[in-house]
Protein chains: 2
Amino acid sequence: MTALPADDVISLDPNLSARCQEPGSRALVRDVFSMTSDKWSMSVIRALNAGPVRFTHLMGDIPGISHRMLTRTLRALERDGLVSRTSYPESPPRVEYELTTLGTTLSEPVRAFIDWTHQHRPEIEASRARFDG
Amino acid sequence: MTALPADDVISLDPNLSARCQEPGSRALVRDVFSMTSDKWSMSVIRALNAGPVRFTHLMGDIPGISHRMLTRTLRALERDGLVSRTSYPESPPRVEYELTTLGTTLSEPVRAFIDWTHQHRPEIEASRARFDG
DNA sequence: CTGTATCCACCAGGATACTG
DNA sequence: CAGTATCCTGGTGGATACAG
């Protein structure tokens, strides 16, 4: 983090065949979307799949998330254009969050990833037990 | 982290349709595979796609990773059964890392995710510029 | 070359209290 | 209800030195 000023590069170039890699063709995956290093983005994306949801409701759908972190994560996703925020000027205030079109396209990969986790959990846990023992 | 003892649950249950969620059917995605919150796992997985690679070579393929972090990440992946480590008792020592069968199955989702990032980077950056301005 | 141990900075993220 | 501000801790991860 300190070493890489504004370029937290991780070599995830699709054309990275093996060894060499041209310095230009790298992708700032983590920078582009912090999901990789961020604790809550995936959960939020996932929870938003259902459609427009209110803030408080999201809190309930994402066990363990704090008030503060939900706000921050939503802001970040909004900034990236993955989530849209519409606030209805009522009293008490009502705000709804929703995946944008862009955000929806991300649901697929996220889902694939999550599904994989579900499918292989037993294997992984077995492997861990083996490794630790 | 402090709130959730050993159960860093994130509600990524595939059957989470919208609101309710049975407490049993959740997945410990982050716990099962730290990729979500871990800075380097994805990069390493990706770099290992090419086949068996030596430690030093990985260092070169993953810009910015530190000696220490590469070791730790590899250990973690090995523990999870995603990476195999074979050391050849030579001098100087030679060690090769390789994706296991299980690890290979993960390449797909990872790749999908990365591809998405590449494809939509411009949109995201545009969105950010808009948001910040 | 590969790996471990130590030290330390930084920041993600939790708890809490307070506004509109 | 939604959001912000402040404070504070734990852990991630970098730098370095050392060992086999």
Side-chain angles (χ1 to χ4, degrees), chain A residues 1-10 30-31 33-44 47-48 52-79 83-98, chain B residues 1-10 30-31 33-44 47-48 52-79 83-98:
Chain A
M1 251 16 176
T2 319
L4 298 171
D7 235 25
D8 189 4
V9 178
I10 64 182
R30 186 177 311 101
D31 175 68
F33 187 50
S34 58
M35 215 162 94
T36 337
S37 57
D38 171 351
K39 191 173 176 181
W40 296 109
S41 298
M42 279 188 90
S43 315
V44 172
L48 284 174
V53 197
R54 300 183 60 172
F55 186 91
T56 308
H57 193 84
L58 277 172
M59 284 281 292
D61 266 0
I62 307 172
I65 198 170
S66 71
H67 194 162
R68 177 171 172 268
M69 275 303 111
L70 181 52
T71 311
R72 298 192 69 166
T73 306
L74 284 169
R75 283 292 161 282
L77 293 175
E78 194 191 351
R79 186 173 104 101
V83 165
S84 70
R85 188 194 107 110
T86 46
S87 81
Y88 303 88
E90 310 168 358
S91 181
R94 183 169 120 251
V95 179
E96 284 191 342
Y97 292 94
E98 191 173 8
Chain B
M1 252 21 174
T2 319
L4 298 172
D7 233 27
D8 190 5
V9 178
I10 63 181
R30 188 174 311 99
D31 175 68
F33 187 50
S34 57
M35 214 162 92
T36 338
S37 56
D38 171 352
K39 190 173 177 181
W40 297 109
S41 298
M42 280 187 90
S43 315
V44 172
L48 284 174
V53 197
R54 300 183 59 172
F55 185 91
T56 307
H57 193 84
L58 278 172
M59 284 281 291
D61 265 0
I62 307 172
I65 197 169
S66 71
H67 195 163
R68 176 171 172 267
M69 276 303 111
L70 181 53
T71 311
R72 298 192 73 173
T73 307
L74 285 169
R75 284 292 160 281
L77 294 175
E78 194 189 352
R79 186 174 102 101
V83 165
S84 71
R85 188 194 109 110
T86 46
S87 81
Y88 303 88
E90 311 167 357
S91 183
R94 183 171 120 249
V95 179
E96 284 190 342
Y97 291 94
E98 191 172 7

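Because the structure is a prediction, the values reported are computed rather than measured.
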S.K.: Identify all pairs in which a protein N or O lies below 3.5 Å from an N or O of nucleotides 17-20 of chain C, and state each distance.
M.R.:
none

S.K.: Reckon A:Tyr88 touches a base, only the sugar-phosphate, or nothing at all at heavy-atom distances under 4.0 Å?
M.R.: nothing
S.K.: What heavy-atom pair brings A:Arg54 and A:Pro93 nearest, and what distance separates the two atoms?
M.R.: NH2-O, 3.6 Å
S.K.: Write down the distance between CD1 (A:Ile65) and C1' (C:dG14), rounded to a whole number of angstrom.
M.R.: 11 Å
S.K.: For the pair made of NZ in A:Lys39 and C1' in D:dG13, what is the distance, rounded to whole Å?
M.R.: 17 Å
S.K.: Pick the nucleotide of DNA chain D nearest each of A:Phe55 and B:Arg72; which residue has the one closer to the 5' end?
M.R.: A:Phe55
S.K.: Rounded to whole angstrom units, what separation is found between the CZ atom of B:Arg75 and the P atom of D:dT12?
M.R.: 17 Å
S.K.: What is the distance, rounded to the nearest whole Å, between atom CG of B:Leu70 and atom C1' of D:dG14?
M.R.: 14 Å
S.K.: Out of C:dT4, C:dG13, D:dG14, which nucleotide sits closest to the side chain of A:Met69?
M.R.: C:dG13
S.K.: Between B:Val95 and B:Thr86, is any pair of side-chain heavy atoms under 4.5 Å apart?
M.R.: no
S.K.: Between A:Val95 and A:Arg68, who's closer to the 5' end of DNA chain D by nearest nucleotide?
M.R.: A:Val95
S.K.: Using every non-hydrogen atom in the two residues, find where B:Leu48 and B:Tyr97 come nearest and quote the distance to one decimal.
M.R.: CD2-O, 3.6 Å
S.K.: Over how many whole Å does the gap from A:Met59 atom CE to D:dC1 atom C1' extend?
M.R.: 12 Å
S.K.: Is there side-chain contact between A:Trp40 and A:Leu70, with at least one heavy-atom pair below 4.5 Å?
M.R.: no
S.K.: Send over the distance from B:Tyr97 OH to C:dC1 P, rounded to a whole Å.
M.R.: 14 Å
S.K.: Which residues satisfy the side chain to side chain donor-acceptor pair (under 3.5 Å) test with B:Arg72, sequence neighbours excluded?
M.R.: none
S.K.: Are the aromatic rings of B:His67 and B:Phe55 close, with centres under 6.0 Å apart?
M.R.: yes
